[in-house]
Every structure is written in structure tokens, then in C-alpha cells.
Amino acid sequence: MTSSELTLRLARPAEATAIAGLSRDLIEYGLPWRWTPMRVAASIRAAEVNVLVARIHGKIAGFAIMRYGEDDAHLDLLAVAPPYRRSGVGRQLLEWLEKCAIVAGIISVALEVRVGNEGAQRFYERLGYHTLAHLPGYYQGVEAALRMGRDLSCRLSDHRIQGTQY
């Protein structure tokens, strides 16, 4: 995959069903489905949320949903379809959302990941996230999670010092 094949953009309401289906199949497998098309559509409309899609040749290759607060952000979901994994799609989704957070003055990002999803844990660790807590039964009493986080304040001050703008 070349970088010209990948496009990132905010999701449109018409994509809520496809995003919800990816969440069900790639993230929520084995659990009751919570990120339904209606919930994803509400996130797309919410002012404090970015729902980002990665497209390759017109197909959704991945997506991410991040909520922004006053000083912190929470990555609700991130998934990359199997054919596009290990090609930089997930990294580009997360970096795009983190840049938005930095511009907004947000100093930290948190997320939860299944304890059994070691591949995702390694992905987040490579991008500077570290484990903050172990959460037994976090996923509807079925599975434990790790809460992971990343401090963006260093990146924020580095960009202010260097005069870099996004």
C-alpha cells in the first residue's frame, strides 16, 4: 500500500452502519453489541467526538472514535480490517486524532484494551502508551481490560517551543 492509496477523513452519517459492523466483528466479538449504528451515528454528530475513517480504494480499511474533554481524550474504539493490518493504517488513524488533541490543548489520552489482545497492547506501546491499570470484568463482566494512556503534554510543549503548527 502506498500513502497515496490511503485517505483519512471524518466519518459521514451514512457510514455509521459499516463502522458499527466493523466494531461488532473486530472489537466486540464475544460480547453483547454496544456500538450499534445508532450509537456510532450519535458519535459522528457529537461536537466533542471525532469519528475518523481510513479508506483504501474506496473501502473502509479502519476507523477510530475519540472523545475530547477539557484536558484529556479517550480513544473509544480503533480497528483496522485484517487485510490492512501492519501497513500503518492504525498508526495514521491514532496520530491524526492525537494531533487534534494537541491542537485542542489536551494533555493525555486514555483507552482500554482487552487483556487477551496482546497484539493491540504491543501496537499501543510502540506508539508511546503504557499500562495505567488492570480492570477485572471491564468488558460487561466477561473479560478484563488494561487501561493504557499517553501523556501528550511533552509533544504539546515541544510544538509550542518549535513554533510548529498542525
Side-chain angles (χ1 to χ4, degrees), residues 1 5-101 103-104 106 108-124 127 129 131-150:
M1 178 190 75
E5 294 172 323
L6 175 69
T7 59
L8 299 177
R9 66 165 170 73
L10 292 174
R12 298 176 179 140
E15 295 169 313
T17 298
I19 293 167
L22 287 170
S23 176
R24 182 192 60 226
D25 297 342
L26 302 175
I27 299 170
E28 298 181 85
Y29 55 88
L31 300 169
W33 191 22
R34 297 181 68 149
W35 283 90
T36 63
M38 188 174 359
R39 185 173 182 191
V40 171
S43 292
I44 290 170
R45 290 188 306 270
E48 73 283 356
V49 179
N50 278 339
V51 180
L52 185 64
V53 292
R55 288 187 161 273
I56 298 174
H57 301 297
K59 294 180 133 184
I60 295 179
F63 75 94
I65 300 175
M66 186 177 280
R67 283 182 289 125
Y68 301 92
E70 289 291 321
D71 296 322
D72 57 352
H74 189 272
L75 183 65
D76 288 334
L77 298 174
L78 185 146
V80 175
Y84 306 107
R85 291 182 182 162
R86 300 194 187 296
S87 64
V89 172
R91 178 185 50 79
Q92 289 188 52
L93 284 163
L94 191 53
E95 287 176 352
W96 191 98
L97 293 167
E98 286 178 348
K99 286 178 184 178
C100 291
V103 168
I106 288 172
S108 67
V109 176
L111 59 93
E112 289 77 34
V113 61
R114 289 181 182 216
V115 166
N117 192 343
E118 294 175 7
Q121 293 167 36
R122 286 191 304 274
F123 165 77
Y124 291 118
L127 293 172
Y129 287 77
T131 300
L132 302 172
H134 181 269
L135 307 169
Y138 178 82
Y139 291 103
Q140 302 164 25
V142 174
E143 189 172 353
L146 294 179
R147 178 162 291 136
M148 299 182 79
R150 179 168 185 204

Among residues two or more places apart or on two chains, list those pairs meeting salt bridge (charged side-chain N to carboxylate O under 4.0 Å, His left out) that have a residue in residues 48-63. E15-R55
Distance (rounded to the nearest 0.5 Å) between D72 CG and R150 CZ: 15.5 Å
side-chain contact (heavy atoms from CB on, under 4.5 Å) involving A133 - partner list, sequence neighbours excluded: L135, R147
Identify the heavy atoms of L75 and V109 that sit nearest to each other, and give their distance. N-CG1, 4.4 Å
Partners of Q121 by side-chain hydrogen bond (donor to acceptor under 3.5 Å, both in side chains), sequence neighbours excluded? none
If you look at every heavy atom in P136 and A144, which pair is closest and at what distance? CA-CB, 3.9 Å
Hits for side-chain hydrogen bond (donor to acceptor under 3.5 Å, both in side chains) against R39, two or more places apart or cross-chain, chain-then-number order -> none
Pairing residues for R34 by the salt bridge (Lys or Arg N to Asp or Glu O under 4.0 Å) criterion, not counting sequence neighbours: none
Residues in side-chain contact (heavy atoms from CB on, under 4.5 Å) contact with T17, at least two apart in sequence or another chain: P37
Can you tell me how far CG of L78 sits from CZ of F63, rounded to the nearest 0.5 angstrom? 7.5 Å
If you look at every heavy atom in I60 and A18, which pair is closest and at what distance? CD1-CB, 4.0 Å
Donor-acceptor contact present, side-chain W96 to main-chain E98, <3.5 Å: no
Please table the atom pairs, donor to acceptor, closer than 3.5 Å between any side-chain atom in residues 19-26 and protein atoms at least two apart or in another chain.
unit_1: S23; atom_1: OG; unit_2: E28; atom_2: OE2; d: 2.7

On a heavy-atom basis, which atom in L93 and which in A79 lie closest, and how many Å separate them? CD1-O, 4.3 Å
Salt bridge (Lys or Arg N to Asp or Glu O under 4.0 Å) filter on R45, not counting sequence neighbours, yields none
Between CG of N50 and CG of L97, what distance do you get to the nearest 0.5 Å? 6.0 Å
Any luck finding a side-chain donor-acceptor pair between H74 and D76 under 3.5 Å? yes
Has R114 got a side-chain atom pairing as donor or acceptor with I27's backbone, closer than 3.5 angstrom? yes
Measuring from M148:CE to Y124:OH, what's the distance to the nearest 0.5 Å? 8.5 Å
In short, salt bridge (charged side-chain N to carboxylate O under 4.0 Å, His left out) pairs touching residues 79-92 with sequence neighbours left out are R91-E95
Of all heavy-atom pairs between I106 and G69, which one has the smallest distance, and what is that distance? CD1-O, 3.8 Å
Contact list for residues 132-142, test side-chain hydrogen bond (donor to acceptor under 3.5 Å, both in side chains), sequence neighbours left out: E112-Y138
Listed partners of D71 passing side-chain contact (heavy atoms from CB on, under 4.5 Å), at least two apart: I107
Rounded to the nearest 0.5 Å, what separates atom CG in L6 from atom NE2 in H57? 10.0 Å
List for me each residue that meets side-chain contact (heavy atoms from CB on, under 4.5 Å) alongside V49, sequence neighbours excluded, and say none if there are none. S43, A46, V51, I65, R67
Which atom names give the shortest non-hydrogen contact between V113 and A120, and what distance separates them? CG2-CB, 3.6 Å
To the nearest 0.5 Å, what is the distance between CG on N117 and CZ on F123? 11.0 Å
